[in-house]
Structure formats: C-alpha cells, structure tokens
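A note on names: the letters A, B, ... follow the listed sequences, proteins ahead of strands, and every chain is numbered from 1.
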Amino acid sequence: MAGVGGPTGGAPLTAGGAAVDLATLLAGPVVPAARGLLGCVITAGGVRVRLTEVEAYGGVGADEASHAHRGETARNRVMFGPPGRLYVYFTYGLHWCLNVVCGPAGTASAVLLRAGEVVDGLELARRRRPAARVDRDLARGPARLAQVLGLDGTANGADLLDPSGPVRLAPPAQAPDPARVRSGPRVGVAGAEDRPWRFWLDGEPTVSPYRRRVRRHR
DNA sequence: GATGCGATTCACT
DNA sequence: GTGAATCGCATCG
C-alpha cells in the first residue's frame with residue numbers, strides 16, 4: 001500500500017494511510033505533522049539524526065504552553081512564517097532547542113524536536129557531546145539534539161526543505177509502524193497536561209524520560 | 001527600568 | 001532527588 005505514485009518531486013511518506021510529501025505534511029495541522037515527523041531524518045553539521053520523539057505546540061490563544069501563545073515577538077517571529085522552517089530558541093541561559101514550523105503562515109504552530117538517534121556522523125557527534133557516556137544519550141533531549149547537530153541561534157529561520165541549506169529534513173526511508181507511535185503529556189510544561197501532544201516511537205532507547213515540570217523555588 | 005523564570009542539562013548527595 | 005549555571009524575554013511597577 002505504501003510508496004506508490006508520489007505525484008510530485010518530493011519523496012513520499014505514509015501518514016494515516018495516505019501518501020503525502022513532507023512539505024504538504026508540514027503545511028497542515030500540527031498534531032498530524034508531529035506524528036509524521038517521527039522517523040524523519042534531520043541533517044546538519046555532518047551529523048544525521050533519526051527523530052524518535054517530538055512535541056506539538058499550537059499558536060496564538062490555542063495553546064497556553066506555546067511561545068506563540070501571547071502573539072508575535074522578536075523571538076518567536078519565525079513561528080508565524082511559512083511552514084518547513086527551523087525555529088531555534090535559547091533557554092536557561094545555555095541551551096538551544098529546535099522546532100519545525102507547521103501550518104500556513106500566521107498560524108504559528110510548531111513541533112519541538114525532543115530526541116533522536118544518531119544514524120550518521122557518529123564520531124563527530126561524540127566529539128560534540130563528551131558528556132554522553134553512551135551513544136543513546138547523544139541526542140536524548142531537545143538541547144542535546146541541537147548540540148549534536150552543531151546548531152544554535154544562527155540557524156534560526158533556515159528552510160528545512162532547501163537541499164542546499166545548512167539544515168535539512170528528509171522523510172523516513174521506511175515509515176515507522178503506526179502502532180509504535182505513542183502519545184502522552186508534554187515534558188516540562190505547566191498546565192495543558194490534558195493535551196497529549198508529545199509523540200514518540202515505542203521501544204526506542206533514545207526517547208527521553210518523562211519529567212513533570214519541576215516546581216520552582218521562589 | 002527592574003525582576004523572575006523558562007519547551008534543560010549536568011554534577012553531586 | 002536537589003541545585004547550579006546563565007541569558008533573553010515577558011511581565012510588572
């Protein structure tokens with residue numbers, strides 16, 4: 001059933017039974033986009049990572065946990081742009097996190113890339129993350145994923161579908177078994193715990209452990 | 001203009 | 001399990 005007759009030049013992938021290309025998937029609603037991103041391969045800085053865990057974030061007024069919730073700012077501007085772009089933000093004074101912008105321009109939804117498996121450039125990856133004692137920890141966590149790819153704020157706004165860009169996204173060679181896709185509450189997010197917008201591939205060792213938001217001392 | 005805390009990670013107890 | 005590191009943004013006065 002899969003992989004027959006990709007109509008356009010884009011490589012086909014299977015999502016919910018229909019063959020669509022990546023650009024089409026990312027232009028649509030964020031939740032199916034997040035699911036479809038599982039198994040995709042992101043390439044940057046000589047390292048390739050297969051995504052095993054992602055989280056969906058909604059737009060203005062739709063998702064209290066989203067950076068875009070309160071409207072457009074200098075930081076989140078990329079989220080309001082066209083889909084398929086990379087939104088990079090800096091947090092805790094030392095970490096970078098990667099997101100894929102979804103939906104048509106103006107919707108400001110995005111998918112946070114939380115974890116993945118390094119499938120190429122292993123030695124480079126190890127050198128960038130000396131703290132990782134085992135390979136499965138190389139990209140196990142959003143900031144680790146960014147670090148292993150050698151990405152920071154300078155990559156903000158990059159077009160992931162541009163083959164000549166610094167960061168590229170490609171559909172999986174083989175779509176993951178839909179039965180292996182699990183969902184649950186997002187990590188480190190206060191409120192909206194009822195929204196199971198975290199998606200991961202069951203059984204993958206690179207999926208990060210779930211941690212509820214830490215209560216903060218004041 | 002000042003202040004508090006974050007879509008986190010690492011080291012230590 | 002707890003705390004520190006450390007910068008920018010959002011919020012408040």
Side-chain angles (χ1 to χ4, degrees), chain A residues 26 30-31 33-35 37-38 42 49 51-80 83 85-103 107-118 125-157 160 167 182-200 205-218:
Chain A
L26 297 181
V30 68
V31 166
R35 290 176 141 272
L37 280 172
L38 290 174
I42 185 169
V49 174
L51 301 175
T52 58
E53 181 186 357
V54 299
E55 280 176 7
Y57 285 86
V60 179
D63 181 4
E64 200 176 86
S66 172
H67 284 178
H69 177 239
R70 299 179 186 275
E72 183 173 343
T73 67
R75 173 171 68 156
N76 64 28
R77 181 160 303 136
V78 176
M79 290 182 75
F80 288 80
R85 293 295 196 45
L86 188 68
Y87 166 51
V88 186
Y89 70 88
F90 188 63
T91 190
Y92 291 97
L94 67 164
H95 293 306
W96 297 97
C97 294
L98 311 178
N99 301 255
V100 177
V101 176
C102 294
T107 54
S109 55
V111 176
L112 170 69
L113 308 182
R114 283 202 57 88
E117 171 195 10
V118 174
R126 288 175 182 146
R127 212 161 68 213
R128 287 193 182 128
R129 298 218 57 251
R133 303 202 179 131
V134 288
D135 287 345
R136 70 176 231 171
D137 282 345
L138 285 171
R140 194 184 191 216
R144 294 166 168 184
L145 177 57
Q147 191 179 4
V148 91
L149 291 169
L151 295 174
D152 59 20
T154 61
N156 191 38
L160 291 164
V167 199
R182 299 301 189 87
S183 67
R186 292 173 291 187
V187 177
V189 171
E193 270 112 1
D194 53 316
R195 217 173 298 197
W197 279 9
R198 171 183 182 235
F199 301 96
W200 68 94
T206 53
V207 173
S208 67
Y210 175 70
R211 284 159 67 191
R212 188 170 262 252
R213 182 191 167 174
V214 217
R215 61 182 185 286
R216 193 153 296 278
H217 185 281
R218 343 182 302 142

Quiz item: Would you call A:Leu151 and A:Val88 a side-chain contact if the rule is heavy atoms closer than 4.5 Å?
Solution: no
Quiz item: Can you tell which of C:dA5, B:dC10, B:dA7 lies closest to the side chain of A:Leu112?
Solution: B:dA7
Quiz item: What nucleotide, of B:dA7, B:dT8, B:dC10, holds the atom closest to the side chain of A:Ala143?
Solution: B:dT8
Quiz item: If you check the A:Asn76 side chain, which of B:dA7, C:dA10, B:dT8 turns out closest?
Solution: C:dA10
Exercise. Answer yes or no: is there a side-chain heavy-atom contact under 4.5 Å between A:Arg126 and A:Asp135?
Key: yes
Quiz item: Given the C1' atoms of C:dG1 and B:dA7, what is the spacing between them in whole Å?
Solution: 22 Å
Self-check item: Heavy-atom donor-acceptor pair, A:Tyr92 side-chain to C:dA5 base, under 3.5 Å
Solution: no
Self-check item: Nearest-neighbour nucleotide for the A:Thr73 side chain, B:dC10, B:dT8, C:dA10 considered
Solution: C:dA10
Quiz item: Using a cut-off of less than 4.0 Å, is there contact between a side-chain N or O of A:His67 and OP1 or OP2 of B:dA7?
Solution: yes
Self-check item: A:His95 side chain, from C-beta outward: closest of B:dT8, C:dA10, B:dC10
Solution: B:dT8
Exercise. Side-chain contact test, heavy atoms from C-beta onward, threshold under 4.5 Å: evaluate it for A:Asp63 versus A:Arg195 and give yes or no.
Key: yes
Self-check item: Partner nucleotide of B:dG1 by Watson-Crick or wobble geometry (both distances under 3.5 Å)
Solution: C:dC12
Quiz item: So does A:Arg70 get a side-chain nitrogen or oxygen closer than 4.0 Å to the phosphate oxygens (OP1/OP2) of C:dT11?
Solution: yes
Quiz item: Picking from B:dC10, B:dA7, C:dA10, which would you name as closest to the side chain of A:Ala131?
Solution: B:dC10
Practice problem: May I ask you to evaluate whether A:Arg198 reaches the phosphate of B:dA7, defined as a side-chain N or O under 4.0 Å from OP1 or OP2? | Solution: no
Quiz item: Among B:dC10, C:dC9, B:dT9, which nucleotide sits nearest the side chain of A:Arg75?
Solution: C:dC9
Quiz prompt | Centroid distance under 5.5 Å and plane angle under 30°, A:Tyr89 vs B:dA7 | solution = no
Exercise. Using a cut-off of strictly less than 4.0 Å, decide whether A:Arg144 has a side-chain nitrogen or oxygen near OP1 or OP2 of B:dC10.
Key: yes
Exercise. May I ask you to test the A:Tyr89-A:Leu112 pair for a side-chain heavy-atom distance under 4.5 Å?
Key: yes
Quiz item: When you compare C:dG3 with B:dC5, how far apart are their P atoms, in angstrom units rounded to a whole number?
Solution: 15 Å
Quiz item: When rounded to the nearest 0.5 angstrom, what distance separates CZ in A:Arg198 from OH in A:Tyr210?
Solution: 8.0 Å
